[in-house]
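The structure appears below as structure tokens.
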Amino acid sequence: MGRYLTGTVGANHVSKAMTLQEVRYMENAGLSVFPIYQDGGYYSDYFASPRQGIVDALTAINAADLLGFPSGTTIYFAVDFDAYGFQIDDLVVPYFQQISGVFHSQKNESKFKVGVYGPRLVCKEVSSRGYASTSFVADMSTGFSGNLGYPIPKNWAFDQFHEFTFDSSPSFPLDKDAYSGLDKAASHFDNVREYTPDDLERLNLKTRVEAAKQAFIRYVLEPLGFYGNFVNYELEHDRSVRVNHVSSGAFDVDVDITVSETVGMTSGWFGTINIAVDNSGDLTVETKNQISGSSATFDFEHLGSSLDFEQRLMLIAASVKSGTISYRIASTESGQLILDIKAESDNLAPGSSGLETRLSVTVSYILTPRGTGVSFQMPEMSPETVLVGVGVVAVIALFVVTPVDEIGVAGAAALKGLRILGVLG
């Protein structure tokens, strides 16, 4: 028997998810069950959604654990549309790459395996890249181009070929599947805590939202090299966590991370860049132009160009793929310079009504002068300058007000070395 782990069907959102009672009935009847995960997957844009593979993988693992599926069970992730070659390469394969990454991580304590459901071509391409161990082939979709002229994948476990109505009261549709024996499915289940169907639905939804938040944090911090440090801390909203400290001679540089569910606060920020991707999953030309325009007019001798800041924003945008990026600069009375870069999204998990799905991640670079030879102060900026934005390296050049001959060659080298040390670029 193939059954869905989560989700609803139809305009009335009737649950299609397995329940613990159903699992017990199937186990007592001597039936074997292979789990299917599909909370979407029937249109291409679903796979274009950033972080979707991570969210789905974590949600599926949690749902299978709650139902007592034993270690080593294969979970089949659905690609339920006629995906063309370019959509497979640009959308479906990256989706399964994310799923595979989660399944090979410590998040998958039950050692579940990844399976793929879809047309023959989808199953072949995903499996040939090592992202699925077995295939559940959608051969019933005879009009799909991905089934026309392609042999059945060598790793096929189940082959869906006919649908009929089961004569009962009430009646319901059933699919006939051929069985190769590669996946024996689950015939015995682990003892787990009893949950009602409503409880299971709520827990799965909560897992889905939390997974989306964790994926967003990772995709903001990983390009900057700080995710490995931050992941060791327990997440507390609106609390800053220090993840890096560098002493560079003339300056101490600290890096703080703050995660918050407050989004949309734009007062005091220099600009907001809207992140969008095209059909291939790349940043749109408009997004790239916004990022380039935020620093393109600044270039300072000895300190490099504003391209360093542009590349940093481009890395974050290409990683998160949706939401906004903002930045701001301030000086404190104690002489510090603080640069904040903030990425945020107001809808991390579409369809998760009733749960908070907004999140912002702020990376703060705090530069503290060492000794009396160096200080920072806010430069005067015209409205035109504020509108085009300010680059990190360019701003540092503007903020240093003590001449080089007063701080010495070492101090100047330290300032230039901020980029080399990986603190600002």
Side-chain angles (χ1 to χ4, degrees), residues 105-106 213-260 262 269-270 273 291 294-295 303-320 323 325-332 334-344 359-371 373-376 390-400 407 410-425:
S105 74
Q106 294 180 349
K213 290 181 178 180
Q214 289 293 337
F216 186 76
I217 293 170
R218 176 179 179 176
Y219 278 24
V220 173
L221 299 184
E222 207 164 47
L224 305 179
F226 298 133
Y227 181 70
N229 294 341
F230 183 78
V231 75
N232 295 322
Y233 293 91
E234 185 174 346
L235 178 59
E236 291 184 31
H237 291 295
D238 298 311
R239 181 177 74 90
S240 294
V241 173
R242 182 145 297 173
V243 295
N244 199 21
H245 172 83
V246 175
S247 294
S248 58
F251 309 95
D252 285 333
V253 184
D254 296 293
V255 182
D256 290 355
I257 307 297
T258 307
V259 177
S260 176
T262 302
W269 294 82
F270 282 142
I273 298 165
I291 294 173
S294 69
S295 55
L303 294 175
S305 72
S306 56
L307 183 62
D308 301 298
F309 185 53
E310 176 185 334
Q311 289 174 337
R312 187 160 294 274
L313 294 184
M314 201 76 76
L315 283 171
I316 298 174
S319 182
V320 301
I325 298 177
S326 305
Y327 51 93
R328 66 183 176 187
I329 299 123
S331 59
T332 67
S334 60
Q336 292 177 315
L337 169 67
I338 302 175
L339 165 71
D340 292 326
I341 301 176
K342 178 174 68 174
E344 61 184 20
L359 203 70
S360 70
V361 180
T362 302
V363 182
S364 300
Y365 297 90
I366 305 165
L367 282 72
T368 305
R370 303 184 70 184
V374 182
S375 61
F376 295 108
V390 184
V392 171
V393 178
V395 169
I396 293 175
L398 287 170
F399 277 61
V400 178
I407 65 173
L415 179 59
K416 184 178 181 180
L418 291 176
R419 195 170 60 259
I420 299 172
L421 289 167
V423 178
L424 291 177

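Side chains are part of it too, since the values below use all heavy atoms of this structure and drop only hydrogens, waters and symmetry mates. Numbering of residues begins at 1 and proceeds along the displayed sequence. Quick caveat, the model's predicted, so the values are computed rather than measured.
Shown here are the side chain to side chain donor-acceptor pair (under 3.5 Å) partners of Thr258, two or more places apart in sequence or in another chain: Ser240.
From Asp254, atom CG reaches atom OH of Tyr365 across 12.5 Å, with rounding to the nearest 0.5 Å. Once rounded to the nearest 0.5 Å, the distance linking OG of Ser364 with CD1 of Ile341 reads 9.0 Å. Between the OG1 atom of Thr368 and the NE2 atom of His245 there is a distance of 8.5 Å, given to the nearest 0.5 Å. In this structure, Ser326 OG and Glu344 CD are separated by 6.0 Å, a value rounded to the nearest 0.5 Å. Distance check, rounded to the nearest 0.5 Å: OG1 of Thr332 to CD1 of Ile338 gives 5.5 Å. A distance of 9.5 Å separates CG in Leu221 from CZ in Phe216, rounded to the nearest 0.5 Å.
The two residues Pro369 and Gln336 have their closest heavy-atom pair at CD-CA, 4.4 Å. Closest approach of Ala317 to Ile325, counting heavy atoms only: N-CD1, 3.8 Å.
Looking at heavy atoms from C-beta onward, Ile217 lies in side-chain contact with Leu359 at the 4.5 angstrom threshold. With a 4.5 Å cut-off on side-chain heavy atoms, Phe226 and Val220 do not count as touching.
Just one of Asn244, Leu339, Val243, Val255 meets the side-chain contact (heavy atoms from CB on, under 4.5 Å) condition when paired with Val363; it is Val255.
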